[in-house]
> 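Got a structure for you, questions after.
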Amino acid sequence: WSSDVCSSDLFVAGFNGILSGFTPQGQPIKAAGVVTAPFNEIYALAIDPSGNIWITSEEDPTHGSTKGSVFGLTGGTNFGGYVNYFYDTSLDYPESIFADSNGNIDVGNYANGTATVYATSNSGTTGSILATGLGAGSTSFPVGITADQTHGLWLANQSSGTVTHVNLA
C-alpha cells in the first residue's frame, strides 16, 4: 500500500485497487473507499497542489498492456471523481510517483530504470508528456521519486542502493 496526506486527510491506496480516505479523526471519507477498477496492483500515490490524488498501476487493461498507467482522482469532499488518465509506452512498471509544486506528475519506471514526467494544468485535468527516458543508464530499478526546488528529480535505486539526480532542463 501507499499513503499521502492532503489538507489533514489521509489517503491510502491498496495493492488490490481500493483507495481509501480518512479524516484527521480517523473517520472514512467514503465508507467503502473507492474502487479504482479496472486498475489493480496499485504501487504508489501522490497528491498534487490542487488536492487531486494520482496513483500508479502495473496494469492497463484499457490498452491491453501490463506495462502500467497513471490515474488521477479528486480528493477532498469530491473524493473519488475522475480527473485524468495517462498511458504511454514510456511507462514500464511505474512503482513510484511524485506531484511537484508546478503540477507535474513525476513517475519512476521500475523495469526500464527511467522517469516520465507529465505536465498538467494547475487543476490537473489536462496533461501531456513533458519528458521521458530520464535517467536512462544511470538509474537501476527506481522505487522512489521526488523533486527538488529546481524541479530536478531524485530517484532511489533499489538494486544499487543509490540515489540519482536528474535535471529536467
Side-chain angles (χ1 to χ4, degrees), residues 1-15 19-21 36 39 41-60 67-76 79 81-169:
W1 62 273
S2 182
S3 64
D4 204 343
V5 177
C6 175
S7 303
S8 301
D9 293 333
L10 173 70
F11 295 93
V12 180
F15 189 72
L19 181 63
S20 301
T36 60
F39 306 102
E41 299 188 21
I42 294 174
Y43 287 124
L45 73 82
I47 299 174
D48 70 18
S50 298
N52 298 317
I53 303 163
W54 296 88
I55 59 173
T56 62
S57 174
E58 174 186 322
E59 297 183 357
D60 180 20
K67 294 271 185 161
S69 58
V70 177
F71 190 65
L73 300 166
T74 56
F79 173 48
Y82 174 79
V83 173
N84 206 338
Y85 171 75
F86 298 119
Y87 161 81
D88 66 86
T89 57
S90 72
L91 293 173
D92 199 358
Y93 294 89
E95 288 201 11
S96 55
I97 190 168
F98 181 76
D100 69 25
S101 60
N102 284 344
N104 297 328
I105 307 302
D106 310 318
V107 179
N109 297 297
Y110 182 83
N112 65 14
T114 66
T116 303
V117 178
Y118 296 98
T120 67
S121 66
N122 287 336
S123 65
T125 56
T126 60
S128 60
I129 296 174
L130 180 64
T132 63
L134 298 172
S138 63
T139 60
S140 180
F141 302 107
V143 293
I145 190 169
T146 193
D148 59 28
Q149 291 177 338
T150 64
H151 301 287
L153 298 180
W154 293 88
L155 295 125
N157 303 298
Q158 180 182 26
S159 65
S160 64
T162 61
V163 177
T164 303
H165 182 258
V166 179
N167 286 318
L168 288 177

> What's the shortest heavy-atom distance between Ser159 and Phe141, and which atoms?
OG-CD1, 3.4 Å

> Given the rule in the side chain to side chain donor-acceptor pair (under 3.5 Å) test, do Ser160 and Ser140 qualify, once you have shown the distances and angles that lead to the verdict?
CA-CA 7 Å; Ser160 64; Ser140 180; 4.9 Å; no

> Taking the side chain as every heavy atom from C-beta outward, state whether Tyr110 and Gln158 have any pair of such atoms under 4.5 Å apart.
yes

> Grab the two heavy atoms, one from Phe98 and one from Asp100, that are nearest each other, plus how far apart they are.
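Scanning both residues completely, I find the closest heavy atoms to be CE2-CA, 3.6 Å.
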
> Once you round to the nearest 0.5 Å, how far does OH of Tyr118 lie from CG of Leu91?
3.5 Å

> Under a 3.5 Å cutoff, is there a donor and acceptor pairing between the side chains of Thr164 and Asn157?
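On atom types as modelled, these side chains qualify, holding a pair under 3.5 Å.
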
> Do you know the tightest heavy-atom contact between Val107 and Pro94?
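Result for this residue pair: CG1-CB, 3.4 Å.
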
> Relative to each other, are the rings of Trp54 and Phe86 parallel, tilted or perpendicular (30° and 60° limits)?
parallel

> Considering non-hydrogen atoms only, spot the tightest contact between Ala115 and Leu153 and give its length.
CB-CD1, 3.9 Å

> Measuring from Ile105:CD1 to Asp48:CG, what's the distance to the nearest 0.5 Å?
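That separation rounds to 5.5 Å.
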
> Enter the distance from Thr146:OG1 to Asp106:CG here, rounded to the nearest 0.5 Å.
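Interatomic distance, Thr146 OG1 to Asp106 CG, rounded to 0.5 Å: 8.0 Å.
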
> Measure across Ala46 and Ala99 and return the closest heavy-atom pair with its distance rounded to 0.1 Å.
CB-N, 3.8 Å

> Side chains of Thr114 and Asp92: donor-acceptor distance under 3.5 Å anywhere?
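No, because no side-chain N or O of Thr114 sits under 3.5 Å from a partner of the opposite role on Asp92.
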
> Can a donor-acceptor pair be found between the side chains of Asn52 and Ser50 at a distance below 3.5 Å?
no

> To the nearest 0.5 angstrom, please state how far the CG atom of Asn167 sits from the CG atom of Asp148.
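Rounded to the nearest 0.5 Å, the CG-CG separation comes out at 8.0 Å.
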
> Nearest 0.5 Å, what's the CD1-CG distance between Ile55 and Leu45?
8.0 Å

> Looking only at heavy atoms, which two atoms of Gly108 and Ile145 are closest? And how far apart?
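Looks like N-CD1, 3.8 Å.
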
> Can you name the one residue among Leu155, Thr56, Thr116 that meets side-chain contact (heavy atoms from CB on, under 4.5 Å) with Asn109?
Thr116

> What's the spacing between Ser57 OG and Tyr43 OH if we round to 0.5 Å?
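Here the rounded value is 8.0 Å.
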
